[in-house]
Every structure is written in C-alpha cells, then in structure tokens.
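What follows is one structure encoded as structure tokens, with my remarks underneath.
A note on names: the letters A, B, ... follow the listed sequences, proteins ahead of strands, and every chain is numbered from 1. Note that these values count all heavy atoms, side chains included, but never hydrogens, waters or copies made by symmetry.
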2 protein chains.
Amino acid sequence: MLRTIYLVEDDLDIASLVQFNLEKNGFEVRVFSGVAGVLPAAEKSQPDLFILDIMLPDGDGLDLSRDIRGSPGLVAIPIIFLTAKAEEMDRVLGLELGADDYVTKPFSPRELVARVKAVLRRLDQPALEALVSAGDLTIDPGAVKVMLRGQEIDLSATEYRLLEYLARRPGRAFSRDQLLQAVWQETRFVTPRSVDVYVRRIREKIEADPENPCYIVTVRGAGYRFEAPQ
Amino acid sequence: MLRTIYLVEDDLDIASLVQFNLEKNGFEVRVFSGVAGVLPAAEKSQPDLFILDIMLPDGDGLDLSRDIRGSPGLVAIPIIFLTAKAEEMDRVLGLELGADDYVTKPFSPRELVARVKAVLRRLDQPALEALVSAGDLTIDPGAVKVMLRGQEIDLSATEYRLLEYLARRPGRAFSRDQLLQAVWQETRFVTPRSVDVYVRRIREKIEADPENPCYIVTVRGAGYRFEAPQ
DNA sequence: CAATTATGTTACAGCAATGTTACAACCCGG
DNA sequence: CCGGGTTGTAACATTGCTGTAACATAATTG
C-alpha cells in the first residue's frame, strides 16, 4: 500500500533531501514550505503521517499539530517533529501533543526514514502488542519477551511462538496438528512429536516443577492447553 | 454497551487529549488528577478499565494498582499504565501487578485507543464453542474439560467422547452399537460390552452414587440415555 | 420360583500416548 | 571457518488407557 507523508519544512535543502530519501523508500511525499494550506489539504487527502518542522516562517509547527489533533479526521494521524534545538524538544514533550517521535537536527536521512517506518509499523500492529498475563507469567509481544516473577525468561524463537500462541488462547485445547499448523508454518516435514519436545522445553523454563505443570497442561488424547494457574 | 474508563493523570493537557480521543471512540471517561478518590468511586461505579499514570502528585500509580488488585470487586478490571520511561516499564512488569498493557510517553492517541480496544476485546472473548450443561455438570468442548460443581473431572479420551456425545443429546436413548458407531470409529473389533465398562467408569467419576446414577441412566433392552437431573 | 437374559463389576494384559533424553544437522554471528 | 545456540528426530522410558473375559447381580419370563 502506498503511504503518503506530509512534510512541512521551509528549508528547501532539507526538504528535498528528506523527500528524496522517503521516495526512495516507497513513500509518496508532499512538501509544504509553511503552515499555510496544510490543514485543508490534509482534511481532503488524509495523509498517513506528518513530519513537522517546529520553526516555520508563517507559524509554529506546534500550533499546527494542535490544529491537526483538533480536527476529527486527522486526530489519529501520527506526527514526527523536526527540532533544531534541545529546548524545542522539551517543549514538544511538555505539550504532550501526541507526538509519535521527534528528530533533532542535524539528522541523517536514514535515521528519519527508519523512524517513519517504525512509527507506521507500530500503528499497524497495536492489537498484537497488548500484554498477555497468567499467574506469575507475563508475555510482552511488543518486546518479544517473557517475564516470570519479574525475571526475564530466555526462550528460543519457536518456544516463544508456541507459548504465545497458547497463552493468547487460555483454556482451549489444541491438538499437535493444530499447533504445527499455527506455530510452525511448514507442517509437512515436521512430526507432531516435535510439539511434545517443545512443550517439555518450555516447561523446563517456566514451571516450578516441570513434572507437575500448571501452565501448559496435557489433555490426554486431545493435545495441550494453556491455563492461568489458581 | 457503553464502557466507562477511569483515567488517572495529573497533566491536564494529556488528560484532555486522551479523554477527547476516547470519547470520540464511544467511551465514557472519568478523569482523576490524582490517586485520591479513585478507589471509592471505582468500588461504587465499577469502571471497565483503568488508565493509570505512574507518577502522580499525591501518590504512585503502582500503589493505586495494588489497591485495585486488592479490592475484591475490582481485581479483574484491566489496567493500562502510562509511563514516561522504559525503566518504569520494567518496574511495572517486575512488580507483577497484573498490568494488561502499558504505553510509554510520548504516545499517539490513536495508539492508546487501539490498545484500550484490544484489551477490552481480549477480555470479552468467550469460548467459541458453547458449553454443555446439565445439573452440576458442565462440559467445555473447547477446553476438552468436564466440570462437576466447579471441580475439574479427569476423564480419559474415550470417556470424554462418550460423555460429550450423550450429554449433547439428552433424553435420547442409544444402543450400544449406535454408541460404538459414533464414539468409537472402528466398531468392527470392539465388543458392545465395552460400552458398559465405560459407562461404569464415567459414573464412578461424575455420579454421587454410582449405583443410583442420575446422569447416564440405563434403558433396559435399549442402551443408555443421558438425563439432566432435577 | 427357576431359568434366562441383560447389565454391573472387577481385574488384567497389551499397547497406545506421552515424557524424556541424546544427537546430528543446521543456522548465524564473529 | 569456527563455536554456540536452535531445531527436529529417533529411540527409549513410562504412564495410564483400552478392551476383554470372567464372574456377580439384577430384571424378566414362563
């Protein structure tokens, strides 16, 4: 999907540099050299992201962002600020206008592109990032991290995916084949028995007593089920 | 259904920005600028979700969450934390306060709204497969689990399949051959008398008095029938 | 009431499902 | 190209399920 970015920047050197780099990365860029005209255009064409310089000849990027946040159709569109000085950055933070990120000049075009992608990626995946908790266990899908009583647990990629899949669907039993289908993408060359081995490995890491598991319980004849203990 | 969210945040700019965005998405928002008064109000009106800033003028959001988790009426209500720094996030996870998610400042209103929705959606996701109930007995086909007066009953795979088959068709009698056909796939090598044995085993596990069964009753000359007692 | 038939009950041998361990192939970063 | 970690499988161990037979008991019949 083609993403459109509104870049509001009066310095033409910077503007064309940024524009070039963003377009090279597959974004459509529309450049404004001042506050004027941004809001009406945005309300019409609904960009995917704003990059706002703070100091502009005909106004203030912060005021513009306030207008954006005040417009019902634009309130949710992410904003990245460009600031020349640290003090300005403090103002951005202080105002808590829902800035999604900020970059201080001088900046590298690559860094800015990376941040643009990060912000858009983050907004694409919000539902997947909510914490999953059960008993002493907390899974942070955003960080791809598992905590047990405050201690980080080291899991391999497959172990993590299997645990997350089960923990997101607590109380439901899944057959080995279902798990292979969901957690492994290629089910053809993988034995259902591999699931047993991975369940064992996870139990070793998260269960107080791996012989009497309370998180991933065996459902004889059916498969495995994740349970929130107690 | 109108969902009520308690927002505890001392920065009025942030609070009103969040309030505006949540209300725009159909939530009712009640704003508190500090810890004081939150708990009594919550115990009265039972909000659907808390959003807690961690640093507050008159206390600590973490302490407040501890109180929420300690109150019987509020223990299950989800909490999303607002944190200024990543280190604070680790504290949230480390303390095992049952956080459902966290958002670090600066955040975009859209992201926060998305996370609120994700948390609420996750909570009212019921088992996809409907429960089968009869008397003190509840069968959860999704979990492949049988509960008797709230206690989980341990059944073997065949015992479970037979009980589920009968319980889904209460009041109807089935011959041993019919049951073999339905519950066992291979009827050729199995004696009809095996059904008797399995009925006995199930009775031992679910009947108060296995000699006077009230769930699986014998229909002399015909087979067995499941009944909802009382 | 005895004979007959249907169902209940128990114990057990065989075996299928799962647990467990070790290992070879593989991948990936240094 | 080397070393550490990951991955999937095989092989063995173990658990407890499974179905049957044999006997016990209850219901039905004449």
Subject >> Enclosure of B:Gln151 CD (heavy-atom neighbours >12, cutoff 6.0 Å) >> reply: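 Counting neighbours around CD of B:Gln151, 12 or fewer heavy atoms of other residues, nucleotides or ligands fall under 6.0 Å, so no.
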
Subject >> A:Phe20 CZ: over 12 foreign heavy atoms closer than 6.0 Å >> reply: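 Open.
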
Original post:
NA contact type, A:Tyr160, heavy-atom cut-off 4.0 Å: base, sugar-phosphate, or nothing?
Top reply: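 Result for A:Tyr160 = nothing.
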
**OP:** Would you indicate, yes or no, if C:dA6 has its OP1 or OP2 atom less than 4.0 angstrom from a side-chain nitrogen or oxygen of B:Thr218?
**Re:**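 Result: no.
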
Rounded to whole Å, how long is the line connecting atom [atom1] of [X] with atom [atom2] of [N]?
{"X": "A:Glu207", "N": "C:dT20", "atom1": "CD", "atom2": "P", "value": "11 Å"}
{"X": "B:Arg176", "N": "C:dA6", "atom1": "CZ", "atom2": "P", "value": "9 Å"}
{"X": "A:Arg200", "N": "C:dA22", "atom1": "CZ", "atom2": "C1'", "value": "13 Å"}
{"X": "B:Glu211", "N": "C:dT10", "atom1": "CD", "atom2": "C1'", "value": "13 Å"}
{"X": "A:Glu204", "N": "C:dT21", "atom1": "CD", "atom2": "C1'", "value": "10 Å"}

Original post:
Is there a donor in the side chain of A:Asp140 and an acceptor in the side chain of B:Tyr102, or the other way round, less than 3.5 Å apart?
Top reply: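 Judged by distance alone, the side chains do pair up.
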
Original post:
Can you check whether B:Phe189 and B:Trp184 have ring centres sitting under 6.0 Å from each other?
Top reply: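 Ring centroids of B:Phe189 and B:Trp184 are no less than 6.0 Å from each other.
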
Original post:
Mind checking whether B:Phe174 and B:Tyr165 have ring centres under 6.0 Å apart?
Top reply: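 Yes, they do, as the ring centres are separated by less than 6.0 Å.
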
**OP:** Please examine the side chains of B:Leu180 and B:Asp177, heavy atoms only from C-beta on, and report whether any two atoms are closer than 4.5 Å.
**Re:**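 Yes. Closest side-chain heavy atoms under 4.5 Å.
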
Subject >> Note, A:Ile5 side chain near A:Pro47 side chain (heavy atom, < 4.5 Å) >> reply: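 The answer is no, as the side chains (C-beta and beyond) never meet within the 4.5 Å cut-off.
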
Subject >> Under 4.0 Å protein heavy-atom contact, by nucleotide of nucleotides 6-21 of chain D - B base, S sugar-phosphate only >> reply: SBBB-----B-SBBB-

**OP:** Work out how much the helix from C:dC1-D:dG30 to C:dG30-D:dC1 bends between its end axes, five pairs an end, to the nearest 10 degrees.
**Re:**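 For the helix from C:dC1-D:dG30 to C:dG30-D:dC1, the axes at either end differ by 30°.
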
**OP:** Classify the angle between the aromatic ring planes of A:Tyr6 and A:Phe50 as parallel (below 30°), tilted (30 to 60°) or perpendicular (above 60°).
**Re:**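 Answer is perpendicular, since the angle exceeds 60°.
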
